[in-house]
Number of protein chains: 2
Amino acid sequence: MQALDDSALTHLAAYFRALSEPTRLRILNTLRDGEKNVGQITELTGCGQANVSKHLALLFEAGLVTRSAQGTSVFYAIADEATFELCDIVCGNVARIVERQFASATALKRQLGTIGRS
Amino acid sequence: MQALDDSALTHLAAYFRALSEPTRLRILNTLRDGEKNVGQITELTGCGQANVSKHLALLFEAGLVTRSAQGTSVFYAIADEATFELCDIVCGNVARIVERQFASATALKRQLGTIGRS
DNA sequence: CGCCGATTTGGCAATATAACCATAGGGAGA
DNA sequence: TCTCCCTATGGTTATATTGCCAAATCGGCG
């Protein structure tokens, strides 16, 4: 990553923010195997319909999904397959982080145990 | 990306949330060329010192930076170089999104112009 | 021991966000 | 046209977050 100017940082932050909610990630997850309409997504996620609609609007604004009206339905789809590659990478990062945190927690526990024994 | 369970989604969302603020991205940006203490980061970012400290605490909690106390100073560093690779990829995604949005805005403008002329 | 610089923490006001409810809009078909 | 189904929007409440200020904490040093 080269040094980023303020505009780029703002765009970057907006993109990350769109991905920063479990509900939205769950919605994106339901779109992995192709486009779906709002009703389907609502059912698959178990969230309220209005809620799903709002999250979809947000994802659309962020450019993460595309929308296409077909009759009375609106179908949403992943705009860019790179989104999932991204999640792959982040999953790797998260795994490393959790591992590190677990390791340091273990070390701390051991030290505390030592103190207790001294 | 394989289908993710709820726990993974939560971790993923937390990671993205940590990256979803321009101020935090700016802080991470200052750490690209090596570790720095809070005072240095405060000066480089131009934010309030307490504010920087809180953001650093959040980044540390999220596992994105490491901290090491040296005397009265606390030095922070990027925990994982993959963080920057991630930003690279996202920058690519964002660039495509902005491009698409610009293109559709242009198309819309042209259509509106056509309507105006008809 | 007490001071001093560096960092963290707590309190506060303003803003943003998520989920829920009810309701409005919009196209399809009778 | 009227109705039905799907989707979007407005309103509300509860919660989270940001940035700033002041104060507390922590380590080192005279």
Side-chain angles (χ1 to χ4, degrees), chain A residues 6 9-31 34-77 79 108 111, chain B residues 6 9-31 34-77 79:
Chain A
D6 273 16
L9 287 178
T10 303
H11 277 97
L12 216 52
Y15 186 94
F16 282 127
R17 170 167 278 170
L19 294 171
S20 72
E21 298 283 339
T23 301
R24 282 197 286 275
L25 292 179
R26 204 172 306 128
I27 289 173
L28 290 176
N29 227 9
T30 67
L31 296 176
E35 64 173 15
K36 290 185 177 53
N37 66 28
V38 179
Q40 293 174 311
I41 299 169
T42 298
E43 189 172 359
L44 286 169
T45 59
C47 302
Q49 180 272 321
N51 203 10
V52 169
S53 178
K54 281 181 185 170
H55 280 302
L56 284 169
L58 192 153
L59 289 170
F60 178 72
E61 281 297 311
L64 284 161
V65 299
T66 60
R67 71 174 4 139
S68 64
Q70 297 181 20
T72 72
S73 292
V74 178
F75 281 80
Y76 286 87
L108 178 59
Q111 289 180 14
Chain B
D6 274 16
L9 287 178
T10 304
H11 278 97
L12 215 52
Y15 186 93
F16 282 128
R17 168 119 101 272
L19 293 172
S20 71
E21 298 282 340
T23 301
R24 283 196 285 276
L25 292 179
R26 204 171 306 129
I27 289 174
L28 290 176
N29 227 8
T30 68
L31 296 177
E35 64 173 14
K36 292 186 174 53
N37 65 29
V38 179
Q40 293 173 310
I41 298 170
T42 298
E43 190 172 359
L44 286 169
T45 58
C47 302
Q49 183 271 323
N51 202 11
V52 169
S53 178
K54 281 182 185 171
H55 280 302
L56 285 169
L58 192 154
L59 289 170
F60 179 73
E61 281 298 311
L64 285 161
V65 299
T66 59
R67 70 174 6 140
S68 65
Q70 297 182 19
T72 72
S73 291
V74 179
F75 282 79
Y76 286 87

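Naming convention: chains lettered A, B, ... in sequence-line order (proteins, then strands); numbering from 1 in each chain.
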So which heavy atom on [X] is nearest to which on [Y], and how close?
X       : Y       : answer
B:Arg24 : B:Arg17 : NH2-O, 3.2 Å
A:Leu59 : A:Ala18 : CD2-O, 3.9 Å
A:Pro22 : B:Thr10 : CG-CA, 4.4 Å
A:Phe16 : B:Leu19 : CD1-O, 3.2 Å

In this structure, how many angstroms lie between the [atom2] atom of [N] and the [atom1] atom of [X], rounded?
X       : N      : atom1 : atom2 : answer
A:Gln49 : C:dA24 : CD    : C1'   : 12 Å
A:Leu56 : C:dA19 : CG    : C1'   : 15 Å
B:Glu43 : C:dA6  : CD    : C1'   : 14 Å
B:Leu25 : D:dT18 : CG    : P     : 12 Å
B:Glu61 : C:dT8  : CD    : C1'   : 13 Å
B:Ile41 : C:dT8  : CD1   : C1'   : 14 Å
B:Phe75 : C:dT8  : CZ    : P     : 12 Å
B:Phe60 : C:dT7  : CZ    : C1'   : 14 Å

Flag yes if more than 12 heavy atoms outside A:His55 fall under 6.0 Å of its NE2 atom; otherwise flag no.
yes
B:Glu21 side chain reached by B:Leu58 side chain, heavy atoms, under 4.5 Å
no
Please write out each protein N/O paired with an N/O of nucleotides 26-30 of chain D under 3.5 Å, distance rounded to 0.1 Å.
none

Strictly below 4.0 Å: does B:Tyr76 bring a side-chain N or O up to OP1 or OP2 of C:dA6?
no
Quick one: side chain to side chain contact (heavy atoms under 4.5 Å, CB included) partners of A:Ala57, sequence neighbours excluded?
none
Could you work out, with side chain to side chain contact (heavy atoms under 4.5 Å, CB included) as the rule, every residue matching A:Gln40, not counting sequence neighbours?
A:Lys36, A:Asn37, A:Phe75
Considering every strand and a 4.0 Å limit on heavy-atom distances, what is the contact class for A:Ala69: base, sugar-phosphate, or nothing?
nothing
Across the strands shown, which category fits B:Ser73 at heavy-atom distances under 4.0 angstrom: base, sugar-phosphate, nothing?
sugar-phosphate
At 10 degrees resolution, what angle do the end axes of the helix from C:dC1-D:dG30 to C:dA30-D:dT1 form when each is taken over five base pairs?
10°
Is A:Arg67 positioned over the aromatic face of A:Tyr76, cation under 6.0 angstrom from the ring centre and no more than 45 degrees off axis?
no
For nucleotides 12-18 of chain C, list the nitrogen or oxygen atoms of the protein found under 3.5 Å from its nitrogen or oxygen atoms, one pair per line.
| from | atom 1 | to | atom 2 | distance (Å) |
| --- | --- | --- | --- | --- |
| C:dT17 | OP1 | A:Arg17 | NH1 | 3.1 |
| C:dA18 | OP1 | A:Glu21 | OE2 | 3.2 |
| C:dA18 | OP1 | A:Arg24 | NH1 | 2.8 |
| C:dA18 | OP1 | A:Arg24 | NH2 | 3.1 |

Quick one: side chains of residues 43-52 of chain B, donor-acceptor pairs under 3.5 Å with protein atoms, not counting sequence neighbours, listed by atom name and distance.
| from | atom 1 | to | atom 2 | distance (Å) |
| --- | --- | --- | --- | --- |
| B:Thr45 | OG1 | B:Ile41 | O | 2.9 |
| B:Thr45 | OG1 | B:Thr42 | O | 3.3 |
| B:Thr45 | OG1 | B:Cys47 | N | 3.4 |

Audit row: B:Val65, B:Leu28, side-chain contact (heavy atoms from CB on, under 4.5 Å) steps and yes/no:
CA-CA 8 Å; B:Val65 299; B:Leu28 290 176; 3.7 Å; yes
